[in-house]
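To find a chain, count down the sequence lines: A is the first, B the second, and so on, and within it residues start at 1.
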Protein chains: 2
Amino acid sequence: MFLATATNSLDAKGRISVPADFRAVVSDGGFEGIVLWPSVHGGFLEGGGMALLQDYQRLIDNMDPYDDARMAFERSIFAESRRLSFDGTGRVTLPKDLAEYAGLEKQATFIGLGRRFEVWNPDSYQSQADAARLMARENKHRLRLVGRAPLRAPSDEPRS
Amino acid sequence: MFLATATNSLDAKGRISVPADFRAVVSDGGFEGIVLWPSVHGGFLEGGGMALLQDYQRLIDNMDPYDDARMAFERSIFAESRRLSFDGTGRVTLPKDLAEYAGLEKQATFIGLGRRFEVWNPDSYQSQADAARLMARENKHRLRLVGRAPLRAPSDEPRS
DNA sequence: TTGAATACCATAAAATCCCATGCTATCCCG
DNA sequence: CGGGATAGCATGGGATTTTATGGTATTCAA
């Protein structure tokens, strides 16, 4: 699972260290590296290991061949994504167009989001994070762990 | 289940012993350590084992992919949380930013809350606990309603 | 041959491992 | 019941390894 956030530097050759925790996660897909693509949600990158891509593949296989969403999916993820392998010390070289798309220059922030991660310009991310925190607080009631929760009155988590 | 509370010391390197009871609980997720994140409810930390995070993962997986709240949760839970593994004697190293967020210096109090736990500055927790007790006393008449199931339980109706 | 991409080496800082010690609760046996 | 042995726990410090990052060499192709 991709967790935590870390900000690392891009060097003159466009190389950047992938956080060690993330490297440990992607080692399962059989490919020593990550996959990155420009996000359809905004000016940042999304990524994961090969295992994630295989999950998406399986998802798409189950969609109707002429479903619009399917084609959008195929185009926006598979067609746009790059396979970047680690060098000896766990860095990848960021293709120029991806760096440009996400506005990455000196540094980049890796954000762990469970199954996948995102790569942001550090400054742009800050405001995102603040907004997310606010919204999470306002919607906290939706995070109840109903699956394994014992039978109890519908009051909120006993945050005492 | 995380139960009871314990106060342990932070050493010069930022290490702190996780209460032995808690260590026994988290061993299930396959990862020998805990996960901690800054609470959105106040200046303290929340934590649990990997199993708890997997529960959240499952919950989020079932939300609409385009739901704004979903992204907010991903960002405020996965992105903010840290995976801290035990050393040989059951300690973890508290990242500086987390310690700072919760105002932890010499000591920290672990509070078991069943499925998860919290980590507080001992002083803050004390005053918070006092306030909670006071509020509980002032509102004790409301407590009668809390334990009750929404559709009335067979045992607790006075049945005049 | 020149440029770009890739592999290899070096280093400082940070995280991790490993061993030692005092304390406390528990057990066991007289 | 008592007192010593024992095991588990919290804590301290030094040694070792990993990580992030910079630079240099080498390969490959145009």
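Rounded to an integer number of Å, the gap from CG of B/D87 to P of C/dA20 is 16 Å. Between A/L94 atom CG and C/dT6 atom C1' the separation is 16 Å, expressed in whole Å. Between the NZ atom of B/K106 and the C1' atom of D/dA10 there is a distance of 16 Å, given to the nearest Å. Look at NZ on A/K96: it is 5 Å from P on C/dA5, rounded to the nearest Å. Distance CD (A/E32) to P (C/dT6): 16 Å, rounded to an integer number of Å. Rounded to whole Å, atom C1' of D/dG22 lies 14 Å from atom CG of A/N8. B/I16 has its CD1 atom 14 Å from the C1' atom of D/dC9, to the nearest Å. Put simply, CZ on A/F110 is 12 Å from C1' on D/dA20, counting in whole angstrom units.
Salt-bridge annotation for A/D61 and A/R58: absent, with no side-chain N of the basic residue lying under 4.0 Å from a carboxylate O of the acidic one. In this structure, A/D87 does not pair ionically with A/K13, as no charged nitrogen and carboxylate oxygen lie closer than 4.0 Å.
Comparing A/L10 and B/L10 by the nucleotide of DNA chain D that holds the closest heavy atom to each, the one mapping nearer the 5' end is B/L10. Nucleotides of DNA chain C nearest to A/K13 and B/T89 differ in position, and the one nearer the 5' end is that of A/K13.
Comparing D/dA20, D/dG13, C/dC9 against the side chain of B/R91 picks out D/dG13 as the nearest.
Using a 4.5 Å heavy-atom cutoff, the side chains of B/I111 and B/F44 are not in contact.
Nearest approach of B/T109 to B/Y125, heavy atoms of both residues: CG2-CD2, 4.4 Å.
At C/dA7, none of the side-chain N or O atoms of A/R15 fall inside 4.0 Å of OP1 or OP2 (strictly under the cut-off). In this structure, B/S9 reaches the D/dT11 phosphate: one of its side-chain N or O atoms is under 4.0 Å from OP1 or OP2.
For the pair A/R142 and B/F73, the cation-pi test (distance below 6.0 Å, angle within 45°) is failed.
When heavy atoms are screened at a 4.0 angstrom cut-off, A/V92 is found touching no nucleic acid atom at all.
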